[in-house]
Amino acid sequence: MREGYEGTGPGAITPDGCAVELYSRLPVGDEPEIIAAAVPEGAHILELGSGVGRMTHALLERGFTVTAVDESADMLDRVHGARTICAQVENLDLGETFDVVMLASFLVHAGDLDVRRGMLRACARHVAKDGCVLIQREGEDYHSNLPRERVDPTGFTVRMVSSDPVGDGVHSVRAEYLFPDAVWTQTFLARPLTTEQFEQALAEAGLEVDRYLTEDRIWVRAVKA
């Protein structure tokens, strides 16, 4: 388990506190449509932090080729139809490039600066010269509008319980997922980033914003600077 991270509930728990069984249940949202609209048809996507393949499978169905990377072998066991690589994203060096590199799940907000820098360098290292990097950021009220909860149409509740500053700009965040037959919790470290801080982090890795893909600026298309 990574320091500052914890997870509870049935089944295997990954080093960053994610529950494999939980993520196998969570539905995919509108992310595949956002991604498909921002990249070339049939592109080869390197998905960093793929988990159980919620987006992987949706992208495969849309005709993309996907290489899925995750540090959890238990997560990758749930991925089907894609090439899978078990590795820490921040240390990844495959010696090849891809049309699209995707860093979703708010991984760019990793509490550890070295981990974040390593992840963004991995994005820059693996994207083709004329390719792009797609990044998912936190929403503006992610750490302030708390506690809050959302009831999913499929019948479970996501509750963001707290986000407590723990020093050096890092917050300890606690989330709960309540299903009729099971409850999971996750505690993890996140570093909020203003738009300026986010763009500076990209610049440090040799990347720059091409455009923000959504009105809330959560999804971003970046390219090599």
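Residues that satisfy the ring pair (Phe, Tyr, Trp, His ring centres under 6.0 Å) test with F106, not counting sequence neighbours, are Y142. With sequence neighbours excluded, no residue forms a side-chain hydrogen bond (donor to acceptor under 3.5 Å, both in side chains) with R121. For H171, the ring pair (Phe, Tyr, Trp, His ring centres under 6.0 Å) partners at least two apart in sequence or on another chain are H143. A search for side-chain hydrogen bond (donor to acceptor under 3.5 Å, both in side chains) contacts involving E199 returns Y212, not counting sequence neighbours. Residues forming a side-chain contact (heavy atoms from CB on, under 4.5 Å) with Q88 (at least two apart in sequence, or on another chain): R2, E71, E90, N91. Applying the side-chain hydrogen bond (donor to acceptor under 3.5 Å, both in side chains) criterion to R62, with sequence neighbours excluded, gives E33. Take T194 and apply the side-chain contact (heavy atoms from CB on, under 4.5 Å) test, not counting sequence neighbours, and it matches E196, Q197. Take R54 and apply the side-chain contact (heavy atoms from CB on, under 4.5 Å) test, not counting sequence neighbours, and it matches Y23, L26, V52. Remark: T97 engages no residue in a side-chain hydrogen bond (donor to acceptor under 3.5 Å, both in side chains) (not counting sequence neighbours).
With F156 as the aromatic partner, R25 does not meet the cation-pi criteria of under 6.0 angstrom to the ring centre and within 45 degrees of the ring axis.
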>> Walk me through whether R137 and D216 qualify under salt bridge (charged side-chain N to carboxylate O under 4.0 Å, His left out).
In response: CA-CA 10 Å; R137 304 170 62 214; D216 56 16; over 6 Å; no
> Could you walk me through whether Q136 and L107 pass the side chain to side chain contact (heavy atoms under 4.5 Å, CB included) check?
Replying inline: CA-CA 8 Å; Q136 185 183 25; L107 291 177; over 6 Å; no
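Screening L59, V69, L48 for a side chain to side chain contact (heavy atoms under 4.5 Å, CB included) involving M102 leaves a single residue, L59.
Atom NE2 in H109 sits 4.0 Å away from atom CD in E138 (nearest 0.5 Å).
Atom CD of E140 is surrounded by 12 or fewer heavy atoms from other residues, nucleotides or ligands within 6.0 Å.
Pairs passing the side-chain hydrogen bond (donor to acceptor under 3.5 Å, both in side chains) check and including a residue from residues 125-135, sequence neighbours excluded, do not occur. Evaluation of the ring pair (Phe, Tyr, Trp, His ring centres under 6.0 Å) test over residues 58-92, restricted to residues two or more places apart or in two chains, returns none.
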Just distance, no hydrogens or angles: give the donor-acceptor pairs under 3.5 Å from side chains in residues 34-47, sequence neighbours left out.
unit_1	atom_1	unit_2	atom_2	d
H44	NE2	T67	OG1	2.9
E47	OE1	T56	OG1	2.5

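For the residue pair D70/S72, the side-chain donor-acceptor check at 3.5 Å is not satisfied.
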